[in-house]
Amino acid sequence: MSILIKPIVTEKLTAQGEKLNRYGFIVDVKANKLQIKKTVEEMYNVSVADVNTVNYHGKRKSRYTKSGLLRGRTNHFKKAYVTLAGEDKIDFYASI
């Protein structure tokens, strides 16, 4: 089971990464804060000070087509905001 699915790279989180040393990840819905902290520390060789999580529930969507009204929803997912301790940094673009 992979805990970290992908990093969140937005303008807002990039600014927080520079100022507050905070980074965002999309994580597994079943993962808890201790598992997220351990995984980030192992993957990026940094020390984690704090982990905040947010559960997002999928929005209901509908669209009109030739065959009628289609209804569904987007996927549920979980975000984790990780604050690093000290002067540690994560460079998402190093492996490109």
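Placement of Tyr93 and Ile26 in two distinct hydrophobic clusters is found when ILVMFWY residues are connected by side-chain heavy-atom separations under 4.5 Å, directly or transitively. Val48 and Ile90 fall within the same hydrophobic cluster, defined by Ile, Leu, Val, Met, Phe, Trp and Tyr side-chain heavy atoms under 4.5 Å apart, directly or through other members. Linking ILVMFWY residues whenever their side-chain heavy atoms come closer than 4.5 Å, directly or via other members, leaves Ile5 and Val9 in distinct clusters. Hydrophobic clustering of Ile, Leu, Val, Met, Phe, Trp and Tyr side chains at less than 4.5 Å, counting indirect connections, keeps Val40 apart from Ile8. Tracing side-chain contacts under 4.5 Å through hydrophobic residues (I, L, V, M, F, W, Y), one never reaches Phe25 starting from Val54; they form parts of separate clusters.
Of all heavy-atom pairs between Lys89 and Glu18, the closest is NZ-O, 3.9 Å. Taking both residues in full, the closest heavy atoms of Ser2 and Asp28 are given as O-CB, 3.9 Å, listed atom of the first, atom of the second, then distance.
Note: His57 NE2 to Lys78 NZ = 10.5 Å, rounded to the nearest 0.5 Å. If you take NZ on Lys79 and OG1 on Thr53, they are separated by 12.5 Å, rounding to the nearest 0.5 Å. Interatomic distance, Ser62 OG to Leu70 CG, rounded to the nearest 0.5 Å: 9.0 Å. One finds the CG atom of Leu13 at 10.0 Å from the CG atom of Leu20 (value rounded to the nearest 0.5 Å). If you take CG on Asn21 and OG1 on Thr83, they are separated by 8.0 Å, rounding to the nearest 0.5 Å. Between the NZ atom of Lys37 and the CG atom of Asp50 there is a distance of 8.5 Å, given to the nearest 0.5 Å.
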### Task
Walk me through it: do Val82 and Tyr44 pass the test side chain to side chain contact (heavy atoms under 4.5 Å, CB included)?
CA-CA 12 Å; Val82 177; Tyr44 295 105; over 6 Å; no
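No donor-acceptor pair under 3.5 Å is formed between the side chain of Glu41 and the backbone N or O of Lys38.
Using cut-offs of 30° and 60° on the angle between ring planes, the pair Phe92 and Tyr23 is perpendicular.
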